[in-house]
Amino acid sequence: PFDGVAWTPRPPQGPPQGCFACIAKPPALRQASPVLSPSSAVYLMESKSCKGDSLRPAVPCKHSVEKKTMTNPTTVIEIYPDTTEVNDYYLWSIFNFVYLNFCCLGFIALAYSLKVRDKKLLNDLNGAVEDAKTARLFNITSSALATFCIILIFIFLRYPLTDY
């Protein structure tokens, strides 16, 4: 049926181009056209021992564009900030909660101290620092007011109001 057509060797191909995903999953076979020109018939008559299928189109690797944009691939190592330096004031908060709980300020300080510990576990350094400042503020306020009240009580016990 193909008069004058000779077997022509396929040009040598190097290693397959493209990434592993493109080589491992070749594109689907193209529908053969019913009318073949003599030049296309040459490619159809190639030997069966070749690895490629002559009906598959030469599709460039869709990942080659991604490879070209990645000029210098680097390894990224995430270094988390050292959260052990953030003080949570936990023991001071417990002491204020148990002994010097003036207007529930010791309880609020304890709640913020626990929030600092949670944020340290989640590596949220900014949130942990802010809550640590708040816990310290409530601890200072609770300690100062409770100490002031204790001093006033001792003064009034030493000098009762009946003397005035």
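Side chains are part of it too, since the values below use all heavy atoms of this structure and drop only hydrogens, waters and symmetry mates.
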| What do the steps show when you test Val116 against Tyr112 for side chain to side chain contact (heavy atoms under 4.5 Å, CB included), and what is the final call? | CA-CA 6 Å; Val116 170; Tyr112 274 102; 5.6 Å; no
| With the 4.5 Å side-chain cut-off for hydrophobic clustering, are Phe95 and Leu114 part of the same group? | yes
| query | Among all residues two or more places apart in sequence or in another chain, which pass the side chain to side chain contact (heavy atoms under 4.5 Å, CB included) test with Leu91? | reply | none
| How many angstroms lie between atom CG of Asp88 and atom CG of Leu110, to the nearest 0.5 angstrom? | 10.5 Å
| query | Who else is in Trp92's hydrophobic cluster (ILVMFWY, side-chain heavy atoms under 4.5 Å, direct or via others)? | reply | Tyr89, Ile140
| Is there a path of hydrophobic side-chain contacts, each under 4.5 Å between heavy atoms of I, L, V, M, F, W or Y residues, that connects Tyr99 with Phe154? | yes
| said: According to ring pair (Phe, Tyr, Trp, His ring centres under 6.0 Å), who are the partners of Tyr90, at least two apart in sequence or on a separate chain? | reply: none
| field | Least distance between heavy atoms, Lys120 atom then Val86 atom | value | NZ-O, 3.1 Å
| message | Determine whether a donor-acceptor pair (N or O, by modelled atom type, separation under 3.5 Å) exists between the side chain of Ser143 and the backbone of Leu100. | response | no
| task | Determine the minimum heavy-atom distance between Asn101 and Phe107, stating which atoms define it. | result | OD1-N, 3.4 Å
| query | Can you get from Ile150 to Val98 by hopping between Ile, Leu, Val, Met, Phe, Trp and Tyr side chains that sit under 4.5 Å apart? | reply | yes
| remark: Taken to the nearest 0.5 Å, the spacing of Asn96 CG from Cys104 SG works out to 12.5 Å
| query | Which distance, rounded to the nearest 0.5 Å, do you find between the CZ of Arg136 and the OG1 of Thr141? | reply | 11.0 Å
| task | Could you pull out the closest heavy-atom pair between Asn139 and Ala109, with the gap in Å? | result | OD1-CB, 3.1 Å
| request: Kindly work out whether a path of hydrophobic side-chain contacts (I/L/V/M/F/W/Y, heavy atoms less than 4.5 Å apart) joins Ile108 to Leu145. | output: yes
| task | For Gly127 and Asp124, work out which heavy atoms get closest and say how close. | result | N-OD1, 3.3 Å
